[in-house]
Amino acid sequence: MFRAKILFIGPSESGKTILANFFSDTVENVAGEYRPTQGVRILEFESPIDGSGDKANSEIELWDCSGDFKFESCWPALMKDASGVVIIFNPDVPSHLKEIETWHSMFVSSQGLQDSQCLLIAHHKPGSGVEDRRLQIASHMNRVLLIHSSLEEEPEDARRAFCTYLGNVINAMSESREREEMSIIT
């Protein structure tokens with residue numbers, strides 16, 4: 001069984017905690033008011049992984065990271081041993097589109113993660129409506145999978161896309177392990 005550490009990162013108030021709770025089936029009664037994450041929250045759950053070959057569940061550590069730059073000094077510790085990164089942003093906030101390049105550079109590029117180990121989620125807040133419009137994303141990020149999510153409209157589509165992404169991460173981990181084992185043998 002694989003154990004994957006997935007970071008949820010992105011600008012403040014983009015919906016990271018709501019999506020983390022939804023994908024991990026965690027129930028928190030927050031009465032609808034915004035409470036910023038302080039540092040990081042770690043959620044652990046098991047998930048069946050598509051394409052993992054062995055039909056077993058994988059253990060997932062979902063690290064819901066604060067989007068506040070006052071915690072930037074903690075980010076190197078959060079990044080250690082990360083298997084994947086999910087960048088969550090609100091496409092209706094113009095500054096978020098600019099910020100995702102910074103998040104990608106700090107958390108994905110600097111760690112040498114593959115595009116398959118990264119996911120962009122354009123999370124639409126309640127009442128904003130989901131538009132699968134083409135977003136202006138930096139060209140170096142065009143190969144990263146982008147999904148639109150709304151927990152009001154078609155929430156299970158977002159869950160399926162996230163499970164597919166987890167499968168991609170587990171497959172990348174498996175391939176890396178196999179390469180490492182082959183290098184030892186030869």
Side-chain angles (χ1 to χ4, degrees), residues 2-24 26 34-45 47 49 58-125 135-149 158-159 161-177:
F2 281 97
R3 181 175 193 87
K5 175 181 175 181
I6 307 295
L7 305 180
F8 269 32
I9 61 168
S12 296
E13 295 188 59
S14 57
K16 297 179 297 292
T17 297
I18 289 168
L19 287 172
N21 289 342
F22 177 71
F23 292 142
S24 66
T26 300
Y34 175 69
R35 288 190 341 218
T37 301
Q38 299 299 309
V40 67
R41 286 173 57 237
I42 302 171
L43 305 170
E44 295 181 292
F45 62 100
S47 178
I49 303 299
S58 289
E59 293 179 4
I60 308 298
E61 283 184 5
L62 203 157
W63 290 49
D64 175 16
C65 305
S66 172
D68 193 326
F69 278 82
K70 74 180 180 185
F71 296 106
E72 187 174 6
S73 63
C74 301
W75 292 347
L78 301 179
M79 288 186 269
K80 183 174 174 19
D81 299 325
S83 310
V85 172
V86 178
I87 303 172
I88 300 165
F89 63 99
N90 182 341
D92 300 320
V93 179
S95 64
H96 282 199
L97 283 172
K98 294 176 184 155
E99 278 188 56
I100 61 173
E101 288 184 55
T102 302
W103 291 100
H104 185 273
S105 173
M106 287 189 295
F107 282 85
V108 179
S109 301
S110 69
Q111 298 301 303
L113 295 175
Q114 302 170 22
D115 289 336
S116 64
Q117 292 171 276
C118 184
L119 175 65
L120 297 173
I121 300 180
H123 182 64
H124 299 266
K125 298 279 178 124
L135 298 173
Q136 296 297 319
I137 294 176
S139 60
H140 68 279
M141 293 172 40
N142 281 340
R143 294 190 334 215
V144 175
L145 178 62
L146 166 67
I147 66 167
H148 289 261
S149 74
R159 186 186 306 274
F162 181 68
C163 286
T164 299
Y165 161 73
L166 288 178
N168 293 340
V169 169
I170 296 299
N171 285 336
M173 292 171 63
S174 177
E175 289 169 6
S176 176
R177 180 185 288 177

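- Nearest heavy atoms, Y165 versus V85: OH-N, 3.0 Å.
- Scanning for ring pair (Phe, Tyr, Trp, His ring centres under 6.0 Å) contacts around W63 gives an empty result, with sequence neighbours left out.
- One distance of note links CG of L19 with CZ of R159; it measures 10.5 Å at 0.5 Å rounding.
- Taking each heavy atom of H124 and A122 in turn, the nearest pair found is CD2-O, 3.3 Å.
- Note that CG of L145 is 8.0 Å distant from CG of L120, once rounded to the nearest 0.5 Å.
- Identified under the salt bridge (charged side-chain N to carboxylate O under 4.0 Å, His left out) test for residues 14-23, with sequence neighbours left out: none.
- Rounded to the nearest 0.5 Å, atoms CD1 (I18) and OG1 (T26) are 13.5 Å apart.
- In this structure the side chain of H148 reaches within 4.5 angstrom of the side chain of L135, judged on heavy atoms.
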Does the pair V40 and C74 meet the rule for a side-chain contact (heavy atoms from CB on, under 4.5 Å), with working shown?
CA-CA 9 Å; V40 67; C74 301; over 6 Å; no
Please test Q117 against Q111 for side-chain contact (heavy atoms from CB on, under 4.5 Å), starting from the C-alpha separation and ending with a verdict.
CA-CA 11 Å; Q117 292 171 276; Q111 298 301 303; over 6 Å; no
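- Dense packing is recorded around CG of L113, with more than 12 heavy atoms of other residues, nucleotides or ligands lying under 6.0 Å away.
- Only one option out of V144, L146, I137 pairs with I100 in a side chain to side chain contact (heavy atoms under 4.5 Å, CB included); it is I137.
- Two residues are said to be in side-chain contact when any heavy atoms from C-beta on lie closer than 4.5 Å; T37 and F71 fail this criterion.
- Applying the salt bridge (charged side-chain N to carboxylate O under 4.0 Å, His left out) test to every pair with at least one member in residues 60-70, sequence neighbours left out, gives these pairs: R3-E61, R41-D64.
- The two atoms that bring K5 and A77 nearest to each other are NZ-O, 4.0 Å, heavy atoms only.
- Using a 4.5 Å heavy-atom threshold, the side chains of N90 and K125 count as touching.
- The side-chain heavy atoms of F162 and V86, taken from C-beta on, include a pair separated by under 4.5 Å.
- Residues T102 and S105 are not in side-chain contact: their nearest non-hydrogen atoms beyond the backbone lie 4.5 Å or more apart.
- Taking every heavy atom of both residues into account, G15 and H123 meet most closely at CA-CD2, 3.9 Å.
- Between W103 and F8, the gap from one ring centroid to the other reaches at least 6.0 Å.
- Counting only heavy atoms from C-beta outward, the side chains of E99 and S14 never approach each other to under 4.5 Å.
- Shown are S83, S116, S58; of these, the side chain to side chain contact (heavy atoms under 4.5 Å, CB included) with V169 is made only by S83.
- Contact between A161 and I147 at its shortest, heavy atoms only, is CB-CD1, 3.7 Å.
- Atoms SG and CG, on C65 and L7 in that order, are 5.0 Å from each other to the nearest 0.5 Å.
- To the nearest 0.5 Å, the span separating CD1 on I6 from CG on L62 amounts to 7.5 Å.
- Between M106 and M79, the closest side-chain pair of non-hydrogen atoms is not below 4.5 Å.
- Between I60 and L43, every side-chain heavy-atom pair lies at or beyond the 4.5 Å cut-off.
- The distance from atom OG of S66 to atom CD of E72, rounded to the nearest 0.5 Å, is 11.5 Å.
- Counting non-hydrogen atoms of other residues, nucleotides and ligands closer than 6.0 Å to CD of Q136 gives a total of 12 or fewer.
- Nearest heavy atoms, S24 versus F45: CB-CD2, 3.4 Å.
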